[in-house]
Amino acid sequence: MDGPSGSGKSSTSRGVADRLGLRYLDTGAQFRAMTLWMLRHEVDVHDPAAVAARAGDPVLESGTDPLDPTITLDGQDVAEAIRSEAVTAAVSPVATVPAVRARLLDLQRRIISDALDDGGIVVEGRDIGSVVWPEAEVKLYLTADAAARAARRTAENGSGSVEATEAELLRRDQIDSSRATAPLSVPEGAVHLDTTPYDLAEVISRVVAIVEQVRGTAEAST
Ligand SMILES: Nc1ncnc2c1ncn2[C@@H]1O[C@H](COP(=O)(O)OP(=O)(O)OP(=O)(O)O)[C@@H](O)[C@H]1O
Ligand SMILES: Nc1ccn([C@H]2C[C@H](O)[C@@H](COP(=O)(O)O)O2)c(=O)n1
């Protein structure tokens with residue numbers, strides 16, 4: 001499942017994975033953990049060579065239970081720390097460094113391979129259907145109007161102005177879409193779902209129906 005910031009990928013992916021008995025992976029959390037490590041080790045996140053030189057150092061582990069996803073950095077739970085404003089502001093430049101993407105893509109592919117032996121996995125990010133796992137059984141591209149995304153995110157944060165949140169979302173959209181390495185784009189063969197008019201339960205039900213339809217079609221043709 002790919003899509004821009006705040007389109008509902010995490011909430012939808014977790015709900016779908018829970019309904020279908022699948023594992024769940026938030027790849028954005030991995031980019032955030034990598035960024036947190038760089039900040040904690042005083043690496044200049046705007047210096048790609050400096051970031052690349054340390055990209056192999058952090059020890060990252062992602063737990064894939066959709067009801068309790070976890071992320072640890074050098075053995076420490078960082079689920080809360082990776083959502084800080086400092087990390088949110090710094091993550092885009094770190095995510096554009098090829099050495100960072102290569103390291104995390106390798107980790108993501110290993111997690112996906114393991115999960116495929118265990119029933120399957122819902123993976124969310126920006127380049128999952130296009131780069132990380134183009135052979136995915138189902139590819140989804142989630143969007144929502146910037147105003148709806150900003151309103152949802154502001155409600156989630158419980159503070160801040162909707163206008164400022166929307167500006168920050170649009171800034172990250174712009175960076176994620178225009179970068180040279182694995183830009184955010186609709187993957188070939190993906191179903192595009194605009195969630196603006198639907199609440200979360202409705203989106204989850206629609207995605208589950210899409211998965212069941214794809215699986216039914218695949219079974220019927222074998
Ligand atoms: N269809 C929906 N209707 C209303 N609120 C929603 C819907 N989908 C998600 N939300 C809410 O919007 C907020 C952002 O959703 P979520 O974190 O799942 O987005 P995301 O695409 O994973 O964002 P990011 O890429 O920044 O991690 C959350 O508070 C979530 O509960
Ligand atoms: N597969 C991915 C996942 C995430 N990113 C980048 C893009 C975002 O700026 C950042 C944080 O992601 P979020 O937690 O907001 O989903 O990580 C990426 O480049 N590729």
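Remember, it's 1-based here, ligands and their atoms both numbered in the order they're listed. The structure displayed is predicted, hence computed values, not measured ones. Residue indices begin at 1 and follow the sequence shown.
- Screening Asp173, Thr196, Thr165 for a side chain to side chain donor-acceptor pair (under 3.5 Å) involving Arg149 leaves a single residue, Asp173.
- From the protein, the heavy atom lying nearest to atom 16 (O) of ligand 2 is Arg126 NH1, 3.0 Å.
- For atom 20 (N) of ligand 2, the nearest non-hydrogen atom of the protein is Arg101 NH2, 3.0 Å.
- With hydrogens left out, the protein atom closest to atom 6 (C) of ligand 2 is Ala95 CB, 3.9 Å, a heavy atom.
- For ligand 2, the polar-atom distance check finds an N/O of Thr27 within less than 3.5 Å of one of the ligand's N/O atoms.
- Counting only heavy atoms of the protein, atom 17 (O) of ligand 2 lies nearest to Phe31 CB, 3.6 Å.
- For the side chain to side chain contact (heavy atoms under 4.5 Å, CB included) with Val123, the lone residue among Val132, Thr64, Leu25 that qualifies is Leu25.
- When heavy-atom distances to ligand 2 are checked against a 4.0 Å cut-off, Gln30 has no atom that comes that close, whether in backbone or side chain.
- Of all protein heavy atoms, the one closest to atom 14 (O) of ligand 2 is Arg32 NE, 2.7 Å.
- By the 4.0 Å heavy-atom criterion, Arg83 is counted among the residues contacting ligand 2.
- The 12-atom threshold is not exceeded at CD of Glu61, counting heavy atoms of other residues, nucleotides or ligands nearer than 6.0 Å.
- Between atom 4 (C) of ligand 2 and the options Gly28, Pro4, Ser10, the minimum heavy-atom separation is to Gly28.
- Nearest to atom 13 (P) of ligand 2 by heavy atom, out of Glu124, Arg172, Gln108, is Arg172.
- Evaluated by nearest non-hydrogen atom to atom 10 (C) of ligand 2, the leading choice among Thr88, Val91, Val131 is Val91.
- Contact annotation: for Arg179 versus ligand 2, heavy atoms closer than 4.0 Å belong to the side chain alone.
- Around ligand 1 you find Pro4, Ser5, Gly6, Ser7, Gly8, Lys9, Ser10, Ser11, Arg126, Arg152, Arg153, Glu156, Tyr198, Asp199, Leu200, Val203, each with a heavy-atom distance below 4.0 Å.
- No donor-acceptor pair under 3.5 Å is formed between the side chain of Asn157 and the backbone N or O of Ser159.
- Ion pair Arg109/Asp106 not flagged as a salt bridge, since none of the NZ, NE, NH1 or NH2 atoms sits closer than 4.0 Å to an Asp/Glu carboxylate oxygen.
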